[in-house]
Number of protein chains: 2
Amino acid sequence: MTTEEKIFNAARIVFQKKGFAGARMQEIADEAGINKAMLHYCFKNKQLLFEAVFMNAFSQLAPQINEIFNSEATVFEKIKKFTNSYISFVIVNPYLPSFVIQEMNNNPEFVLSFLNHKNRPNPTPLLAQIEKEIADGIIKPIPPKQLLLDIFSMTVFPFAAKMMIKGIIQLSETEFNEMMEERKTSIAETIINSIKK
Amino acid sequence: MTTEEKIFNAARIVFQKKGFAGARMQEIADEAGINKAMLHYCFKNKQLLFEAVFMNAFSQLAPQINEIFNSEATVFEKIKKFTNSYISFVIVNPYLPSFVIQEMNNNPEFVLSFLNHKNRPNPTPLLAQIEKEIADGIIKPIPPKQLLLDIFSMTVFPFAAKMMIKGIIQLSETEFNEMMEERKTSIAETIINSIKK
DNA sequence: ATCTTTGTTAACCAAATGGTTAAACCATAT
DNA sequence: ATATGGTTTAACCATTTGGTTAACAAAGAT
């Protein structure tokens, strides 16, 4: 592993745990097991190191969404596949959703740089498909964007608000993970139950 | 407005916008229009000021949830009432959900102090009621905690991840708000559609 | 009137933090 | 071997930041 990779991995861990403002360059250096000056030698400054980490995190989430949403399957199949594979992915990258959400909220101006990003999730084809299946009588009438938002919400929220959920519903770490396993199929069931004719 | 109130309101604004780590005592003082030393005179230090703000934010959300969930209505009525009134509340307090979620994630140890808090949202009665209505054949079989999590997710997530949602679905501020207005009723419809027999 | 308590400020301080520098290290080409 | 280029480090620096202090003002209490 190159020094740059060591730094990047360390930065990912620290930034995702503490956020941009809470992260300390020294902590990243310690985590990487190298001298703090190397951070600046490799990544110039904190902002650029952060942007590298954030861009990477975001670009891990985005193409995965596009791949499923823009495939040839039916809406029902896409919903099943998305919830299942997204939850699988997030279970092994648990800090990602809250990290991305937090930093997008804290740096709204930074969001703009992703609207033009080539790997931006693009829901347009799926929205059109939903409209078509409604017109074809396969799906009950529902505003397509609301449906999309419902799916995202049920899938991502428990990970984004993990600590709050665990606190309110009183779940241990194991129980939380078991519940998320169950959600791989239950979310799609709930949604499809609700919109199928 | 007393000086303490001025400080508290300023702190709420700054903490909710920047988070604990990103907030600056000087910025809070400027926002309040008073000298920085007054912050320490009134609230001792940054941590205690933050805890006052956080506790207040949390205790605004919690009783509202309890009131609805522990009332005498049916599950369907509770879902309708909760989504409607919660969204109404959050529309005028848009920073609250992301603030609470962010800080609970960043300070997991801090979460514990709320598990014993008297105003903690307590879902137990509602969970029991869901089980009863399932046994009575009113609601389709579904793990009650999953149902509760679905409702929370659909209601809270769009506000917690506002910037990301606006970016992905390409919504203006107005369109976002219109969609949230629509959600006041559409969430309950979706859920109830899915679980009613 | 003046003493005492409470509220308020400007100036100050020590520690933390992001960032720099100059020297040392090390591989590789000559 | 040694000169050269990139790599790495310890020490250092300037600024920011949370927090303190001592003086001052204002308002009751005596």
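First the proteins, then the strands, lettered A, B, ... as listed; each starts at 1.
- Rounded to whole Å, the distance from CZ on A:Phe50 to P on C:dG18 is 14 Å.
- Here A:Phe58 pairs with A:Phe114 under the ring-ring contact (aromatic ring centres under 6.0 Å, His included) rule; sequence neighbours left out.
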Under 4.0 Å protein heavy-atom contact, by nucleotide of nucleotides 4-18 of chain D - B base, S sugar-phosphate only: --SBBBB------SB

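- Each ring pair (Phe, Tyr, Trp, His ring centres under 6.0 Å) pair with one or both residues in residues 163-197 of chain A, not counting sequence neighbours, would appear here, but there are none.
- A side-chain donor from one of B:Lys196 and B:Asn193 sits under 3.5 Å from a side-chain acceptor of the other.
- Below 30°, between 30° and 60°, or above 60°: for B:Phe69 and B:Phe82 the angle between ring planes is between 30° and 60°, a tilted geometry.
- With 3.5 Å as the limit, one finds a donor-acceptor pair spanning the side chains of B:Lys184 and B:Ser88.
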